[in-house]
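Have a look at the structure below, then the notes.
Quantities reported herein were computed from a predicted structural model and do not represent experimental measurements.
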Amino acid sequence: MESAILDQLRSDKILELLKQGKRLDGRSLDEQRPLTIETGVIPKANGSARIKLGNTEVITGVKVQPDKPFPDLGDKGILICTAEILPLADPYVEPGPPTEGVIELARVVDRGIRETEMIDLHQLVLIEDKSVVGIFIDSSVIDSAGNLFDACSYASVAAVLSSTIPKYEIKDEAPVLVEGITSKPPVKTLPVSVTMARIGDYIIVDPSKEEEICMDARITITTNSAGNICALQKGGSDGFSVEQLIKCSEMALSVGTKIRKKFEQLM
Amino acid sequence: MESAILDQLRSDKILELLKQGKRLDGRSLDEQRPLTIETGVIPKANGSARIKLGNTEVITGVKVQPDKPFPDLGDKGILICTAEILPLADPYVEPGPPTEGVIELARVVDRGIRETEMIDLHQLVLIEDKSVVGIFIDSSVIDSAGNLFDACSYASVAAVLSSTIPKYEIKDEAPVLVEGITSKPPVKTLPVSVTMARIGDYIIVDPSKEEEICMDARITITTNSAGNICALQKGGSDGFSVEQLIKCSEMALSVGTKIRKKFEQLM
Amino acid sequence: MESAILDQLRSDKILELLKQGKRLDGRSLDEQRPLTIETGVIPKANGSARIKLGNTEVITGVKVQPDKPFPDLGDKGILICTAEILPLADPYVEPGPPTEGVIELARVVDRGIRETEMIDLHQLVLIEDKSVVGIFIDSSVIDSAGNLFDACSYASVAAVLSSTIPKYEIKDEAPVLVEGITSKPPVKTLPVSVTMARIGDYIIVDPSKEEEICMDARITITTNSAGNICALQKGGSDGFSVEQLIKCSEMALSVGTKIRKKFEQLM
Amino acid sequence: MKIMTQLMTEDGIRCDGRRVDQLRNISIKVGVLKNADGSAYIEFGKNKILAGVFGPRDVHPKHMANQDTGILRCRYHMSPFSVTERKNPAPSRREIEISKVLKEALQPALILKDFPRTVIDVFVEVLQADGGSRCAALDAAAVALADAGIPMRDLVSACAAGKVADRIVLDVNNEEDQEGQADMPVAIMPNVGKVTLMQLDGILTTEEYKTCLQTAIGGCRTVYEIQRKALVEKYFESGDK
Amino acid sequence: MKIMTQLMTEDGIRCDGRRVDQLRNISIKVGVLKNADGSAYIEFGKNKILAGVFGPRDVHPKHMANQDTGILRCRYHMSPFSVTERKNPAPSRREIEISKVLKEALQPALILKDFPRTVIDVFVEVLQADGGSRCAALDAAAVALADAGIPMRDLVSACAAGKVADRIVLDVNNEEDQEGQADMPVAIMPNVGKVTLMQLDGILTTEEYKTCLQTAIGGCRTVYEIQRKALVEKYFESGDK
Amino acid sequence: MKIMTQLMTEDGIRCDGRRVDQLRNISIKVGVLKNADGSAYIEFGKNKILAGVFGPRDVHPKHMANQDTGILRCRYHMSPFSVTERKNPAPSRREIEISKVLKEALQPALILKDFPRTVIDVFVEVLQADGGSRCAALDAAAVALADAGIPMRDLVSACAAGKVADRIVLDVNNEEDQEGQADMPVAIMPNVGKVTLMQLDGILTTEEYKTCLQTAIGGCRTVYEIQRKALVEKYFESGDK
């Protein structure tokens, strides 16, 4: 609360710099912060990744286990993405049930992976309508410094790419783990989430925490390997013009291509 | 809080009028507010009704779906009544878990329907002990202006009367919907709930919100088509004399007869 | 809050007395308060006990019912101990979800019984991996006057000893109660919990509520009939020296022997 | 039908051996808890119920306090081991409703206006449940309030009546509650003459309704004598407090 | 494949008989609730949705109030009977997310700075759900805010477009939402010209994305006329209030 | 029996190749988080645990603040992917108990009286769990507290000992915890010489109890050196901060 004046001064500075085509941390408007991806960080999980996007840091673990399919979806495996901001990641996060912001975060990450059909869920059926493989992708933000949407999405995709799927046999109608045999997950495409903020008339890619504080609106666009747009979420307390929305879709594709190359190296 | 003085002035006025045999809205003491019932308002539900009792307004939907019976009640279908005061219905209702008042409301409505044995639950069994039909009667108060007990009860009864029960066949021990065949619910009697308030020495039927604020005690009596008393709940922070309780039972029967005629038109 | 000064004065007094080898209520340092055990107080339960340890009073009921085993523990029956401080037991307890202190209490009581292997859970299997007998030991503190750990533990052990286990037959793969045939629970050893407090350099057994308020640290040690140490929990906001911990283990054994004799009379 | 004949013999003897107008055994002990400001333990048939009272005391959270009056809170809770099938310790909707009904039955007996900004807490624990546990709980709670020294207009005395095997009976037990035709719990302020709790589940003619109500009130009056005696014994005969 | 042919005929007629650029029937009633400060009821295809608005009013709990600005709260909730399978009344994660998205879609239209320390509460109840319920909810909520007399920069008008059977269509219905290729809910402030809600589930080329967005905005503009007419009817034609 | 022989060879070599008195590999990194006031990351065998500390800072909600002293809060939490079977993210009763035990193990090392009305928050996240995760969590938390610059009387160093195949062993791993005979986590303030955490599950003779305790304390002392080295490296060798 005491920092309201500081926030205002910083916002003024950010806007002033944007008018000169600059950002507080020296990036160009369509430039992401440095991204580093490390996989296999949680050996006990079926897949895992620790990513840093600037100062934002996320660990994602993938657990694969047999499960019952959802009703009416008996021909598909289960895919569940969650996201959580650990209380050690941010002085303003408190332990307890998830806020609406965290629920949105988790659902946007989930939809990015689900709507691009990254994983072929039909290949995860053990007995139709009865027994399937479930893939649980749980992201924990351990340092929160802006753009958690992309950070959690990248960590989730990287963790999936690093996963191994155990083999299950059916005995007495129940799935039994076959030791020592695993396969890669059935990945069909590489989703890339790109989040942009509007500050005044400017669109910037990958907003930092400081930029998020003064942004007018936010948009997250997920594209697939074929260059299609597959999921989108507008956020924030103001809107976008149609031209801005079209510009954002183009930025999502161009920025996404660079990120996708990083993912391809993990395959 | 600021309205405490207004409440007091209104209470004084209400009591003064009662001494002259009058009520604030011009009704006689044993007169309900106008009741209108509209059924079929939610076509996707198996039954539905929207009722207005004065300015109180309730929408009830009935959902019918196969379920497992309760343990030790394998020869009966399932009946569940709920009630909720939507936050748009009342400036003092907040979203969140139900208060004790709302829990009482739902349970009193439920018992009115259950204890009169309105629906023959034995006819809702598909396979004894294994598979039955469940009837869920969910009431939402959308405008709260007094006497929610009767309003929710009337909406629930009307919604049940307007319902159609789908037909289920058993295949592989599991119930399967048979398209296009439905039946009326097995209704045995028509429960009518009548709520009365005591203000000073006066008993009034169907208290308005203003009357509820200054009432001493409340009683809800449900009768069946045969003129029996089947469920009763006293509420409020004071009591009744025995004479008053007997008078209330008589009023519940006489007022109930008029309401029951309205229900009969729905059958 | 107003009692902070009183608490301080009492603490000073307690410490002053300890220097003379005395306690506020006249006990010696290794002396428990009087323990009375009454069993069979809840005839509807399968076993029950009401114990008083000084002014602390606990009622424990045992319920025995068929259940499914835990995954990977299909060769064992289920044992669950809970503990609750009823709001009527203490002016500072409020209704609601259990505090961390109550969760610790329940888990320490549970481990005392579980880790000593008091009950032979292998004898509670009806069909391996499918159907077992569950023993639920629920303790309710009804007067809270210090050392709830031992009080709940003693009440739990006494309630188990007083229990009768119904006989179940398997029909159609489901357990069915056989009326009129019961057996004693398969008890292998008698766990005795002894809680001690450190105040300054003094170790006292069975702290009263007043002593708990000014204690530096707490320790609960559970021993079995063979004189082994089977479960231990340190609590409180300070620590123990190694010598004190060894002294505590000796006191737990010597005090425990007297309590165990009381239990033996219940068998 | 077979159930009816089980619930009552031709001679009007009930399944637990009582006559239609006979109460179960009732015993009340006053002041059984050390920490509570007032307390009572009741055995009412097979019901075993503890009531503890705290207050008048400060309200937490503070925003719930009322400048103009004291408030009454009531919690009816069943122990996990109190019923045949182990009960989940979390309060059920039934327990929450009964808590409200008990509060409203006790409230007329209290003079809350005299204690603004405070709360009186009544905690009831059903250790073993039988038919009529809410009435027994109320009987214990009223005595516990008196034991706490809280000024009361009157005691509150509760007892159910009901319909079993086509007859109106006093004090419905568990079997009669589950398989009988009607259960009507009633509480009165015996000296003021007001009914402060009344519920009914089951089907009664208007005549049966009147008889049932009168029968229950008769039971309440007998309970009142037992409550009084328990209080007198503690406060005037044993001589201590 | 079989699903595709069901969703659209060769002549471009959709499963509910509409053309690709045709809205479902929409009707809006203003001021339908007595207790709310403002309210509206919308039927949008088979959607039946109520919106009620309270405020600006004091914030409870107080620590949530903001000295510098009013705050907006929004609750999107589905009735248990609103969908095919009975819905648990507790709010789902989907409902919580939609509540947030609706709040952020309405907020740009409000001048919250003028009402520091207060809250405006928007409560939306979906009585019957069809495809596009969040857009219909928003349309009703915007009208309810206007009905509450809250100063607004503009209305908010919402409508989805999507991709069905390889074609871009306006106003996706339930079957098309479930079995179609993409769904894009959009809301605009029609006079300010800003998009304040936008989501997308499904796969679109960049060209389709642009077409879909323009199609949705066209739908929003038609909805705006219906919203305006509903408000005009209440406030200027019926002559009352 | 078959399990016993698996857990230790005749030569006293344990299932992971260690001798009975040998710790698993331990590495500690200080100051790994940007937002926390202090932080540490520990790998202790296969345990991978993060600890972050905030404070001393204002208490929310305010009524929890204490006028006379600072308070310490501690949260031990396991990531869903940290264990073999995916863990529900909601805190279990086990996590709540461990949170309390850790708080009470750290508290003697802090001088909370110097920071009245404030709170120090310790958040521990178990990213991958192995036997002894509470000890490893404590080791990281103590270092994180030091990294946050909070005045401490001493560090807190923790390590378990236990009984496996009838022998007392140092630093019980996951297999030994699950199938061994006893597990005794211990924490000490190494310079003050106090035991601030101690638990035991399993059966020990009184002699074994003493040996086990001494063995654990020996482990704690080794851990202390590793903690010290990690802090020295950050603050005195790399020269930055």
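- The 12-atom threshold is not exceeded at NZ of B:Lys130, counting heavy atoms of other residues, nucleotides or ligands nearer than 6.0 Å.
- B:Pro87 has its side chain out of reach of E:Phe54: every pair of non-hydrogen atoms, C-beta onward, lies at least 4.5 Å apart.
- For the pair B:Lys63 (side chain) and E:Thr84 (backbone), a donor-acceptor distance under 3.5 Å is present.
- The heavy-atom pair separating B:Asp143 from E:Val32 by the smallest distance is OD2-O, 4.3 Å.
- In this structure, E:Arg57 is not positioned above the aromatic face of B:Tyr92 in the sense of NZ or CZ being under 6.0 Å from the six-membered ring centre and within 45° of the axis.
- In this structure, the side chain of E:Gln128 engages the main chain of B:Lys44 through a donor-acceptor pair within 3.5 Å.
- In terms of modelled atom types and a separation under 3.5 Å, the side chain of B:Asp138 and the main chain of E:Phe81 share no donor-acceptor contact.
- The greatest number of non-hydrogen atom pairs below 4.5 Å with chain B, out of E:Glu85, E:Arg75, E:His60, is found for E:Arg75.
- When atom types are taken as modelled, the side chain of B:Gln65 and the backbone of E:Arg86 share a donor-acceptor pair closer than 3.5 angstrom.
- No more than 12 heavy atoms of other residues, nucleotides or ligands sit less than 6.0 Å from atom NZ of E:Lys46.
- Counted by atom type alone, E:Asn35 and B:Asp90 present zero donor-acceptor pairs between their side chains at under 3.5 Å.
- Expressed to the nearest 0.5 Å, how far CG of E:Leu127 lies from CD1 of B:Ile42 amounts to 5.0 Å.
- Here the CG atom belonging to B:Leu88 is positioned 6.5 Å from the CD atom belonging to E:Glu125, to the nearest 0.5 angstrom.
- Residue B:Val64: no heavy atom, backbone or side chain, is found under 4.5 Å from chain E.
- Surrounding NZ of E:Lys103 are more than 12 heavy atoms belonging to other residues, nucleotides or ligands, all under 6.0 Å away.
- Residue-environment remark: CZ (B:Arg10) exceeds the threshold of 12 foreign heavy atoms within 6.0 Å.
- Within 6.0 Å of the NZ atom in B:Lys209, the count of heavy atoms belonging to other residues, nucleotides or ligands exceeds 12.
- In this structure, the portion of E:Lys48 lying under 4.5 Å from any heavy atom of chain B is its side chain and not its backbone.
- Distance OG/B:Ser144 to CG/E:Leu33: 11.5 Å, rounded to 0.5 Å.
- Neither the backbone nor the side chain of E:Ala144 comes within contact range of chain B, judged by heavy atoms closer than 4.5 Å.
- Using a 4.5 Å cut-off between heavy atoms, E:Val53 makes no contact with chain B at all.
- Interatomic distance, E:His77 NE2 to B:Glu84 CD, rounded to the nearest 0.5 Å: 5.0 Å.
- The choice from B:Pro43, B:Ser48, B:Pro97 that makes the most heavy-atom pairs within less than 4.5 Å of chain E is B:Pro43.
- For chain B, no part of E:Asp121 is nearby; none of its heavy atoms comes within less than 4.5 Å.
- Using a 4.5 Å cut-off between heavy atoms, E:Ala129 touches chain B through its backbone atoms (N, CA, C, O) alone.
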